[in-house]
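Each ligand, and each atom within it, is numbered from 1 in the order the structure gives. Heavy atoms only: backbone and side chains are in, while hydrogens, waters and symmetry mates are out.
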Amino acid sequence: MTKKVVISGSGLWKPEHAISNEELVAAYNAYAESFNRQHEQDILSGEVAEKPFSSAEFIEKASGIKSRYVYVKEGVLDIERMRPVIPEREETALSHQAEIALHAAKKAMQAANKTADDIDAVIVSCAYTQRAYPAIAIEVQAELGIKGFGFDMLVACSAATFGVHRAYEMIKADTAKCVLVINPELTSPQINFKDRDSHFIFGDVATAMILETEDTATSEHQYNILSTKAVTSYSNNIRSNFGYLSRVHDTDPYAADKLFHQQGRKVFKEVCPMAIRHIREHIERHSLGASDIRRWWLHQANINMNKLICSKLIGDDVTQDNAPIVLDEFANTASAGSIIAFNLYHEDMQPGEYGVLCSFGAGYSIGSLVIKKR
Ligand code: CO8
């Protein structure tokens, strides 16, 4: 008998610190002013490019972002530093990323009515892990007292959906019965706060989901996963060159190319049509049209991308109710955006209603799930 796999709970953890556009722009502009003053002669001779100023109005209009959460605020707005102060912890202490992963995991377990004994696999899937090994997932597994196995995986913007895909397949294949998928998106250490074009884009957050079979699920809100769909297509337009070879390249490990950087316009133009095609093909597999979908939990990178994608799929009737936006409060949280939207906007779904969860971005990568409320 084919097992029906359900999402039986989700969890969202947000840091206690937030930075508004106004605060961020004030710090960046003070930094730019100071930089330009210090390099006045080189700027005049054309050897150094003048730092342009940022604006809160531009950020909100171009991205839909008003604020972002940060794990640590100290240091980010200090123009002598422009990066958070996150002290290295002892090897025997809980790691930063495991800590935020645990916050979201516990909330998802509570929502799904699960204890550690019910879970037999942990996937930590996000844009960056703070170390290569031991896996953050295994550290989380140990902290929670879960038997079985855990592993980390990285797929940038699509890490969360691809992680849920793997959990779905593991349950289908009977290699696990109940899987905890966590997305501890600690993005702030990789943001170039000295770069006007990208300093505003990202925020920190952690999300989690529990997947299991229909026959073990007891939670109030359950969603059958009808199918998953993934595609990747190599692109250099969103990139970070920081990695374990940084030590041996003998180049500046703090250089701008070691941090997140992108060709935002190109990304916009190339990813939107890919995402529209991908979602259409996915729902058509179930003989569903856009009007059959009650809710779209889309990737949260940029409000204008979501508006464009939704208008092509749904038409004029795009609302916060059918395609929720969380960018204003959270900014782009790498892979976690669609899971945040799901977490905040799902309890009113009625049995039998369909939803689409979809991520799109770096790689390029697109991952989607068609789900149905039980
Ligand atoms: N303030 C004022 N003006 C600005 C600013 C600013 N901060 N930034 C740019 N401008 C100016 C530009 O210089 C330009 O001026 P001009 O016309 O004179 O040349 C003008 O504003 C317009 O600039 P753009 O064309 O660049 O502006 P856009 O309207 O395209 O908006 C965006 C820029 C918001 C970046 C937009 O292109 C976009 O969102 N693109 C898609 C981005 C995207 O989806 N990226 C994927 C992100 S990757 C991801 O989700 C996960 C990656 C892994 C995690 C990384 C964690 C760190």
Side-chain angles (χ1 to χ4, degrees), residues 21-22 24-29 31-32 49-66 68-71 76 83-84 97 125-130 154-162 183-205 232 235-243 256-275 298-309 325-327 330-340 358-367:
N21 285 351
E22 288 71 21
L24 193 74
V25 165
Y28 170 85
N29 285 349
Y31 158 77
E50 189 175 14
K51 289 270 177 198
F53 290 104
S54 187
S55 110
E57 296 73 38
F58 170 87
I59 294 170
E60 191 175 336
K61 191 162 170 283
S63 69
I65 297 164
K66 294 182 185 170
R68 71 280 301 138
Y69 292 103
V70 283
Y71 177 56
V76 175
R83 58 199 162 93
Q97 219 171 1
S125 191
C126 47
Y128 307 91
T129 50
Q130 70 173 81
L154 308 178
V155 203
C157 308
S158 289
T161 54
F162 278 42
N183 325 106
E185 292 292 9
L186 190 51
T187 64
S188 54
Q190 257 283 316
I191 301 168
N192 186 352
F193 288 105
K194 295 179 178 176
D195 173 39
R196 194 244 336 224
D197 291 0
S198 64
H199 74 127
F200 59 88
I201 297 181
F202 294 98
D204 297 331
V205 81
T232 53
S235 166
N236 268 326
N237 289 332
I238 310 169
R239 196 171 167 114
S240 159
N241 290 323
F242 183 77
D257 77 289
K258 302 295 183 295
L259 302 172
F260 167 88
H261 56 286
Q262 70 167 352
Q263 303 287 330
R265 281 263 138 200
K266 281 190 186 165
V267 173
F268 198 109
K269 282 194 186 134
E270 291 172 7
V271 170
C272 288
M274 277 176 74
L298 298 185
H299 186 60
Q300 307 278 322
N302 175 286
I303 197 166
N304 298 316
M305 283 179 103
N306 286 32
K307 276 186 182 162
L308 177 64
I309 291 168
I325 295 289
V326 301
L327 277 162
F330 288 89
N332 180 340
T333 50
S335 79
S338 59
I339 313 291
I340 301 173
C358 184
S359 64
F360 36 84
Y364 297 135
S365 60
I366 306 185

Undergrad: Considering only heavy atoms, does Ser54 approach ligand 1 within less than 4.0 Å through its side chain, its backbone, both, or neither?
TA: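 Both of them.
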Undergrad: Does only the side chain of Thr187 get under 4.0 Å from ligand 1, or the backbone, or both, or neither? Count heavy atoms.
TA: both
Undergrad: Short list, please: which atoms of ligand 1 are under 4.0 Å from a heavy atom of Gly264?
TA: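 Ligand 1 atoms under the 4.0 Å threshold to Gly264: 37 (O), 40 (N), 41 (C).
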Undergrad: I need the nearest protein heavy-atom contact for atom 50 (O) of ligand 1: residue, atom name and distance, please.
TA: Cys157 SG, 2.8 Å
Undergrad: Counting distance only, does the side-chain N/O of Asp204 pair as donor-acceptor with the main-chain N or O of Tyr71 below 3.5 Å?
TA: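 Confirmed, Asp204 side chain pairs with Tyr71 backbone.
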Undergrad: Any atoms of ligand 1 less than 4.0 Å from a non-hydrogen atom of Met305? List them with their elements.
TA: 41 (C), 44 (O)
Undergrad: To which protein heavy atom is atom 21 (O) of ligand 1 closest, and what is the distance rounded to 0.1 Å?
TA: Phe58 CE1, 3.0 Å
Undergrad: What are the atoms of ligand 1, with element, lying closer than 4.0 Å to any heavy atom of Ala301?
TA: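 Matching atoms, with element in brackets: 44 (O).
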Undergrad: Does His299 come within less than 4.0 angstrom of ligand 1, counting non-hydrogen atoms of the residue?
TA: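 True for this residue.
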Undergrad: For atom 15 (O) of ligand 1, find the nearest protein heavy atom and state the residue, atom name and distance (0.1 Å precision).
TA: Arg196 NH2, 4.9 Å
Undergrad: Considering residues at least two apart in sequence or located in another chain, which fulfil the side-chain contact (heavy atoms from CB on, under 4.5 Å) criterion with Asp195?
TA: Asn192, Asp197, Ser198
Undergrad: Looking only at distances, please establish whether an N/O atom of ligand 1 is found under 3.5 Å from an N/O atom of Ala362.
TA: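 Checking ligand 1 against Ala362, no N or O pair falls under 3.5 Å apart.
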Undergrad: To which protein heavy atom is atom 24 (P) of ligand 1 closest, and what is the distance rounded to 0.1 Å?
TA: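 Checked against all protein heavy atoms, atom 24 (P) of ligand 1 sits closest to Arg265 NE, 4.0 Å.
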Undergrad: Looking at ligand 1, is there an atom of it that comes within less than 4.0 Å of some heavy atom belonging to Tyr28?
TA: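 Tyr28 does not count as a contact of ligand 1 under the 4.0 Å cut-off.
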Undergrad: Using a strict 4.0 Å cut-off to heavy atoms of Asp197, name the atoms of ligand 1 that fall inside it.
TA: 8 (N), 9 (C)
Undergrad: Is any side-chain heavy atom of Val25 less than 4.5 Å from a side-chain heavy atom of Phe53?
TA: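 Heavy-atom side-chain distance check fails, nothing below 4.5 Å.
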Undergrad: For the NZ atom on Lys66, are there more than 12 heavy atoms of other groups (residues, nucleotides or ligands in this structure) within a distance under 6.0 Å?
TA: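 12 or below, so no.
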Undergrad: Is there a heavy atom of Gly361 sitting under 4.0 angstrom from any atom of ligand 1?
TA: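 The answer is no: ligand 1 sits nowhere under 4.0 Å from a heavy atom of Gly361.
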Undergrad: Hey, is atom 41 (C) of ligand 1 touched by any protein heavy atom at less than 4.0 Å?
TA: yes
Undergrad: Please tell me whether Asn21 and Glu60 have a donor and an acceptor in their side chains that are separated by less than 3.5 angstrom.
TA: no
Undergrad: Between Thr161 and Ser158 (side chain of the first, backbone of the second, donor and acceptor by atom type, cut-off under 3.5 Å), is there such a pair?
TA: yes
Undergrad: With no hydrogens and no angle check, is any side-chain donor or acceptor of Glu185 less than 3.5 Å from a backbone partner on Ser335?
TA: yes
Undergrad: Taking the side chain as every heavy atom from C-beta outward, state whether Ile59 and Ser54 have any atom pair closer than 4.5 Å.
TA: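 Answer yes - side chains close enough.
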Undergrad: Once ring pair (Phe, Tyr, Trp, His ring centres under 6.0 Å) is applied, do any residues pair with Tyr69, and if so which ones, sequence neighbours excluded?
TA: Phe330
Undergrad: Quick one: does Gln262 get an N or O within less than 3.5 Å of an N or O on ligand 1?
TA: yes
Undergrad: Need the ligand 1 atom indices (1-based, order shown) with element for anything under 4.0 Å from a heavy-atom of Ile238.
TA: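 Under 4.0 Å from Ile238, ligand 1 has these atoms: 46 (C), 48 (S).
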Undergrad: Any idea which part of Asn332 is under 4.0 Å from ligand 1, heavy-atom wise: side chain, backbone, both or neither?
TA: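 Near ligand 1, Asn332 shows its side chain, while the N, CA, C and O stay back.
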Undergrad: Any nitrogen or oxygen of Ser63, side chain or backbone, less than 3.5 Å from one on ligand 1?
TA: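 Ser63 vs ligand 1: no N/O contact under 3.5 Å.
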Undergrad: Who's the nearest protein heavy-atom neighbour of atom 36 (C) of ligand 1, and how far?
TA: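 Residue, atom and distance for the closest contact: Asn302 ND2, 3.8 Å.
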Undergrad: Are there over 12 heavy-atom neighbours, none belonging to Tyr128, within less than 6.0 Å of that residue's OH?
TA: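 Count over threshold, so yes.
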Undergrad: Just by modelled atom types, is the Lys258 backbone N or O under 3.5 Å from a matching donor or acceptor in the Gln190 side chain?
TA: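 Yes: the side chain of Gln190 pairs with the backbone of Lys258.
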Undergrad: Which ligand 1 atoms does Phe260 reach within 4.0 Å, using its non-hydrogen atoms?
TA: 48 (S), 55 (C), 57 (C)
Undergrad: What is the nearest protein non-hydrogen atom to atom 53 (C) of ligand 1, stated with its residue, atom name and distance?
TA: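 Ranking protein heavy atoms by distance from atom 53 (C) of ligand 1, first comes Ala127 CB, 4.0 Å.
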Undergrad: Any sub-3.5 Å donor-acceptor pair from Gln130's side-chain atoms to Gln97's backbone N or O?
TA: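 Here the side-chain-to-backbone pair exists.
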Undergrad: What residue and heavy atom of the protein are closest to atom 1 (N) of ligand 1, and at what distance?
TA: Ser55 N, 3.1 Å
Undergrad: Is the shortest heavy-atom distance from the side chain of Ser63 to the side chain of Asn302 under 4.5 Å?
TA: yes
Undergrad: Which heavy atom of the protein is the closest neighbour of atom 31 (O) of ligand 1, given with residue, atom name and distance?
TA: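 Answer for atom 31 (O) of ligand 1: Ala62 CB, 3.7 Å.
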Undergrad: Ring-plane angle category for Phe360 and His299, please: parallel below 30°, perpendicular beyond 60°, tilted otherwise.
TA: perpendicular
Undergrad: Quiz question for you: does at least one protein heavy atom lie closer than 4.0 Å to atom 17 (O) of ligand 1?
TA: no
